[in-house]
Amino acid sequence: MINTRSVHQNRKLLVAALLITGLAAAPAVLAKGGTLVYCSEGSPEGFQPQFFTTGTTFDAVSVPMFNRLVEFETGTTNIVPALAESWTVSADGKTYTFKLRKGVKFHSNANFKPTRDFNSDDVLFSWNRMADDNHPFHKVTAGQTFAYYDDMGMKNIVDSVQKVDDYTIRFNLKRPEAPFLADMAMDFASILSKEYFETMQKKGTPNAADVYPIGTGPFEFVSYQKDATIRYKAFDQYWGGRPKIDNLVYSITRDATARYAKLKTGECQVMAFPKPADLDEMKKDPQLNVLQKEGLNIGYIAFNVEKKPFDDKRVRQALNYATNKDAIMKAVYQGNGQVAKNPIPPILWSYNNSVKDYPYDPAKAKELLTQAGFPNGFEVELWYLPVTRPYNPDGKRMAEMIQADWEKVGVKTKLTTYEWAEYRKRSKGGEHTVVMFGWSGDNGDPDNFFVPLLGCEAVKGGGNSARWCNKAFEDLIIKAAQTPKQADRAKLYEQAQVIVKEEAPWITVAHSIRFDPVRKEVKGYKMDATAHHYFDKTEVQPSPQ
Amino acid sequence: MLAFLFRRVSLIVPTFIGVTLLAFALIHLIPGDPVENISGERGMDPARRERLLREFGLDRPLPVQYVDYVANVLKGDLGTSLTTHEPVLDEFTTLFPATVELAFFAMLLATIVGLPAGIIAALKRNTVADYAVMGVSLTGYSMPIFWWALLLILFFSVQLGWTPVSGRIAVEYDVPALTGFMLIDTLRAGDASAFRSALSHLILPSIALGTIPLAVIARMTRSAMLEVLREDYMRTARAKGLPQWRVVLVHALRNALIPVITVIGLQVGLLLSGAILTETIFSWPGVGNWLVHGVQSRDYPVVQGGILLVATIVITVNLIVDLTYGVVNPRIRHA
């Protein structure tokens, strides 16, 4: 889960913005030559891809400046060669051998000029630095942890990494793990320069290598003014072809209304995370293109099956029948989403389209509740999201609609919420009865939805907020993770989705659509599937005046 | 004078203890913790959670954490940020000049406009000018900063295109931060257009931040002036045949300034708190913006250290103000 910044909006602010922006006719300011300015939503926590977990940091670090062995094709979750030109997987699914690309150059800076191209030593270094507690560079930056590596449970997956020759590297896994390749395309698996770290160590400042980034990516680091601007320049020797723009600037603008204003005045050409309330107006603006893409996400309501009456499947099914999702889609998502019937979105492979969703049927709900011994319903507490999330623009409104729906079948719902961090903490501790939640996928592998959200292990860590542990389902997803072929895995996940629907630990509510507003002069910008922002193929063409 | 100074300074000690205690208690009272902030929607294995809490030093009882914190502060160590792992003091000193620059211009604006407005209102008491000044300043005083700031952006930047929306300088200028004061740095770099850009970026945030102090100063000046104008020595001054400007500026204003200076001093605290909202909306890379983010990410050392440093500044400024009275009006010089 990429921890995108929460966009908790002040209502007054929103109203004011709505009132005023309607009047605006923006003066067009041309972008300078080959410079693209991106209004980002926050400051990176640092310039090192292995330490951090937020999408904001990845956007500023691993995306422009680093590469992985394999990467996601921009716009899809297809895995394509990057620093590895090809790879083979052993028959038992436990050995991955990568053939590395030759002639890949690292960036340079005032303290470091690379003397050699990228090779398998760099891969070995980057990985072992995270994996091995005794690695000389494991602890050079005090207080830092390899959070994503830990989060993804890599210690239990990878046994060892082995250099076969300068351009061949082998990962030996502890168990067959089909999602491994997708994991290797994730930001934390970015490849660092071993030579750079060693150079900095010789100079007596090994941790400087964690502060001033050197990668192989399309853009080189120029400067960072804290909380204000990050500057990059095109890397002439980029193995994937020099970017079309010369300079890339991130203008850090935390307020969504200010980002929109800057986009309008041409102070930036692309903006991150528009406010849902601004979208209609943006779409009408002739100077803007509002790009959109189906999100790799799910918004859901989870029933805590450890608590009565939700230990009874019929009750869970009844409330599924009692919820009018079409109405929620109209009122809450306002057309920017689609009703979810599975825990994974339809853009993800293995999506089971033959699963039949529970239709809105209060009579059927009432019948099931009567069977379960609740002819007059019961009282329940529903926790709703206190913040806007990519998968849910308005948790409170959604909760109110559900409350009204459930009232009709006799279920009296009390709405509760907490401050966002507290909300997560409490729900991970299992304090809730019914909780509203959601997820944005990290890597486009179905495993990345099923295991952290519905797997038995995830009950312990609290990611499984239904606290639902079903043997048949668990067997399927474990088997799928150990099955090498995607087509075979897809069949197993399809069956797993049937079980989820029948057992109803969740109400699968919606998959939302994401938006990236860009100015008309921006060409060749493609939205990414995992919500990153890539500019290596983007151009800025001054519009004719 | 020395006795006064000693009394005044000794009062600072309990104030500091209060500030550290308050900052510490408040940030720990906010729900959530820095570890939860890392994990987002993802679950976190209880063992890993405990390990991280231990690493952050948050597994110890609160009183122990507090005593430890104060002990480190006394050694000059404000800790390191839990998000960036940079020393809090370094982050503060990097960002503080931006806040000072903004606050200085806001105050300058408030004083330059507020003082004459107050004087005029007092001299033209119960006329249209008086009502106008008082009406406008009351409106300014009641305006929520974030709303006023957005209004300014949407009108002057988006609608008219006169000023930039946000930031400290246009992105085409990459001025090395030598002093951290953008105006000084651009001047040192000898780049006139960069200087103009930096200046134009200051206009709206200064107005947004300066509006409330401006209103306060105008109203305070007016009432202080009115009081002084009634004094006997004013009649004497006029009777002596002094010119009107001399009567107003030397005899009236100098005496009226005392409460006004107090108010200006108090505004420093207000400016720094107003900067939090102003900086957030104008993406101004100062300590206000930084503190907001620190609170959001439960970065305890940043919030505690930031509040302590800001409080130190407010306390110092108030001390200086107390000492300035004597300079302005010899009658209050401390024996």
Side-chain angles (χ1 to χ4, degrees), chain A residues 1-3 10 12-13 16-17 20-21 23-27 32 35 37 42-43 45-46 53 141-145 147 150-151 222-223 225-229 231 249 251-255 257-258 261-262 264-265 267 418-422 424-425 428 437-439 452 458 460-464, chain B residues 30-33 36-46 48-49 51-52 55-56 80 82-86 91 94-95 98 144 146-147 150-151 153-155 157-161 164-172 174 176-177 280-286 289-290 292-293 296-298:
Chain A
M1 170 72 224
I2 291 169
N3 191 0
N10 189 314
K12 281 181 195 159
L13 209 117
I20 313 303
T21 43
L23 308 168
K32 293 270 177 292
T35 298
V37 186
S43 305
E45 295 143 294
T53 55
T141 294
Q144 284 294 9
T145 59
D150 290 345
D151 275 340
V222 175
S223 66
Q225 289 200 318
K226 191 171 165 54
D227 295 344
T229 29
R231 291 161 203 283
V249 181
S251 177
I252 298 163
T253 313
R254 290 209 170 108
D255 185 80
T257 307
K262 288 183 87 125
K264 278 183 148 185
T265 60
E267 282 174 59
Y418 297 94
E419 187 281 329
W420 179 220
E422 186 70 10
R424 295 185 326 246
K425 195 169 162 182
K428 284 174 196 171
F437 240 121
W439 178 257
K460 254 198 313 185
N464 181 343
Chain B
I30 307 181
D33 62 55
E36 180 52 51
N37 197 60
I38 291 174
S39 64
E41 271 97 338
R42 184 190 300 282
M44 192 185 272
D45 180 55
R48 175 153 179 251
R49 197 185 149 72
R51 181 167 62 86
L52 284 172
E55 272 170 29
F56 289 158
T80 51
L82 299 180
T83 37
T84 63
H85 294 268
E86 298 276 324
E91 295 208 324
T94 309
L95 299 169
F146 61 86
W147 182 77
L150 275 178
L151 218 62
I153 290 180
L154 294 169
F155 187 70
S157 308
V158 178
Q159 178 82 359
L160 298 174
V165 174
S166 72
R168 271 183 100 185
I169 192 163
V171 294
E172 54 261 40
D174 189 5
T280 304
I281 291 173
F282 287 99
S283 318
W284 195 264
N289 194 357
W290 174 67
V292 168
H293 190 247
Q296 280 169 354
S297 54
R298 307 293 183 275

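Order of the sequence lines fixes the chain letters, A, B, ..., with proteins taken first and strands second; residue numbering starts at 1 for each chain.
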Colleague: What closest approach, in Å, do A:S251 and B:V171 show between heavy atoms, and which atom pair accounts for it?
Modeller: CB-CG1, 4.4 Å

Colleague: What distance separates A:K226 NZ from B:T84 OG1, expressed to the nearest 0.5 Å?
Modeller: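 So the NZ of A:K226 and the OG1 of B:T84 are separated by 5.0 Å.
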
Colleague: Grab the two heavy atoms, one from A:F437 and one from B:E41, that are nearest each other, plus how far apart they are.
Modeller: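 Closest pair (atom of A:F437, atom of B:E41, distance): CE2-CG, 3.5 Å.
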
Colleague: Are B:R168 and A:D227 close enough that some pair of their side-chain heavy atoms sits under 4.5 Å apart?
Modeller: no

Colleague: Checking A:E422 against B:R298 for the salt bridge (charged side-chain N to carboxylate O under 4.0 Å, His left out) test, could you report, in this order, the C-alpha distance in whole Å, the side-chain angles of both residues, the deciding distance, and whether it holds?
Modeller: CA-CA 11 Å; A:E422 186 70 10; B:R298 307 293 183 275; over 6 Å; no

Colleague: Please round to the nearest 0.5 Å and tell me the distance separating atom NZ of A:K460 and atom CG of B:D45.
Modeller: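 Here the interatomic distance stands at 5.5 Å.
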
Colleague: Can you name the nearest heavy-atom pair linking A:Q144 to B:T83, along with the distance?
Modeller: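 Where A:Q144 meets B:T83 most closely, the heavy atoms are NE2-O, 4.4 Å.
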
Colleague: In chain order, what residues pass the side chain to side chain donor-acceptor pair (under 3.5 Å) check against A:T253, with sequence neighbours excluded?
Modeller: none

Colleague: As an exercise, state the distance from CG of B:L150 to CG of A:D255, rounded to the nearest 0.5 Å.
Modeller: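 The CG atom of B:L150 sits 6.0 Å away from the CG atom of A:D255.
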
Colleague: B:D174 and A:S223: side-chain donor and acceptor closer than 3.5 Å?
Modeller: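 Yes, side-chain donor-acceptor contact under 3.5 Å.
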
Colleague: Working to the nearest 0.5 angstrom, can you tell me the gap between A:T257 OG1 and B:I281 CD1?
Modeller: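 Interatomic distance, A:T257 OG1 to B:I281 CD1, rounded to 0.5 Å: 8.0 Å.
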
Colleague: Between A:T35 and B:E172, is any pair of side-chain heavy atoms under 4.5 Å apart?
Modeller: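 No, side chains not in contact.
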
Colleague: Supply the atom-to-atom distance B:Q159 CD to A:T265 OG1, rounded to the nearest 0.5 angstrom.
Modeller: 12.5 Å

Colleague: For the residue pair B:S166 and A:K262, establish whether any side-chain heavy-atom pair is separated by less than 4.5 Å.
Modeller: yes

Colleague: In terms of heavy-atom pairs under 4.5 Å with chain A, which of B:P176, B:S297, B:P46, B:P164 leads?
Modeller: B:P164

Colleague: Do you know which of B:V292, B:I153, B:L95 has the most heavy-atom pairs with chain A at a distance under 4.5 angstrom?
Modeller: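 Heavy-atom pair counts peak at B:L95.
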
Colleague: What part of B:L52 lies closer than 4.5 angstrom to a heavy atom of chain A: side chain, backbone, both or neither?
Modeller: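 Contact with chain A: side chain only.
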
Colleague: Is there side-chain contact between A:E45 and B:H85, with at least one heavy-atom pair below 4.5 Å?
Modeller: no

Colleague: Distance check, rounded to the nearest 0.5 Å: A:T145 atom OG1 versus B:F56 atom CZ?
Modeller: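 Those atoms lie 6.5 Å apart.
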
Colleague: Is it true that B:E36 and A:R424 make a salt bridge, defined as a side-chain N closer than 4.0 Å to a carboxylate O?
Modeller: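 Yes, B:E36 and A:R424 are salt-bridged.
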
Colleague: Evaluate the criterion side-chain contact (heavy atoms from CB on, under 4.5 Å) for residue pair B:R48 and A:D151; output intermediate values, then yes/no.
Modeller: CA-CA 9 Å; B:R48 175 153 179 251; A:D151 275 340; 2.4 Å; yes

Colleague: Side chain from CB out, backbone as N, CA, C, O: work out which of these in A:A458 comes under 4.5 Å of a heavy atom of chain B, or both, or neither.
Modeller: neither

Colleague: Based on non-hydrogen pairs under 4.5 Å, which of B:A170, B:A98, B:G43, B:A177 is most in contact with chain A?
Modeller: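 Ranked by heavy-atom pairs under 4.5 Å with chain A, first place is B:G43.
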
Colleague: Relative to chain B, which segment of A:K428 carries a heavy atom at a distance below 4.5 Å: side chain, backbone, both, or neither?
Modeller: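 When you check distances to chain B, only side chain atoms of A:K428 fall under 4.5 Å.
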
Colleague: Counting only N and O atoms by type, is there a donor-acceptor contact under 3.5 Å from the side chain of A:E267 to the main-chain atoms of B:V165?
Modeller: yes

